[in-house]
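The block underneath contains the structure these notes are about, expressed in structure tokens.
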Amino acid sequence: MNDNKGSLYFSDAIIAISILFVVMLMLNMLISVPNPTYSDISHNSKDAQDIMEILSGKVDFEDETFLSVISGILKENKNSKKSISEVSQICDDKFSEFKLTNYRFIETNQLDSTVLSGVGDFSKAGNCSVATRNFDGYSYTLYIW
């Protein structure tokens, strides 16, 4: 009779240890599973936001932002074709520094969605990242895909 009780306690201990082992495995799995809220899509959306932040940011108080420079050129020349082509050249030079393969930079408020700079076929853009900044009555939008 003593032997039966001993084996019963032993089997209860094995079951309890097994349950603890399964619970520990489940916790380990939950910790090691990647977070589904941070995906490639959200990472790509930050690309356009980051670049627009660079274009609209200052290094020093005396510095002009990139958007203020191109807005000043457009405003001084009353959005003439010559000023648009000058700004397009400045934009092409600036965006070549970022080494983007597919992008489109447009002004949507004053110039009726005129493309200031762009590379790639926008009609085939699948996963597109968009950022918009406003400066002095101009609204600039950057698409990256």
Decide yes or no for [X] and [Y]: does some side-chain heavy atom of the first lie under 4.5 Å from some side-chain heavy atom of the second?
X    : Y    : value
D93  : Q89  : yes
L55  : R133 : no
W145 : R104 : yes
N77  : K82  : no
Y140 : I70  : yes

Which heavy atom of [X] sits nearest a heavy atom of [Y], and at what distance?
X    : Y    : result
L142 : A48  : CD2-O, 4.0 Å
L67  : F105 : CD2-CZ, 4.0 Å
L111 : L74  : CD1-CD1, 4.0 Å
Q49  : V130 : NE2-O, 3.4 Å

What is the distance from atom [atom1] of [X] to atom [atom2] of [Y], rounded to the nearest 0.5 Å?
X    : Y    : atom1 : atom2 : answer
S83  : I90  : OG    : CD1   : 10.0 Å
S56  : I51  : OG    : CD1   : 12.0 Å
I73  : S85  : CD1   : OG    : 10.5 Å
S68  : K75  : OG    : NZ    : 12.0 Å
N102 : S129 : CG    : OG    : 12.5 Å

For this session: Apply side chain to side chain donor-acceptor pair (under 3.5 Å) to the pair N79 and Y138, showing each step before the final yes or no.
Result: CA-CA 11 Å; N79 303 329; Y138 293 92; 2.7 Å; yes

Exercise. Per the ring-ring contact (aromatic ring centres under 6.0 Å, His included) rule, which among F122, F95, F98 passes with Y103?
Worked result: F95

Exercise. Is the backbone N or O of M24 less than 3.5 Å from a side-chain atom of N28, with the two atoms forming a donor-acceptor pair by type?
Worked result: no

Exercise. When you measure from the side chain of S88 to the backbone N and O of L116, does any donor-acceptor pair fall under 3.5 Å?
Worked result: yes

Problem set entry | side chain to side chain donor-acceptor pair (under 3.5 Å) contacts touching residues 106-115 (sequence neighbours left out) | T108-S139

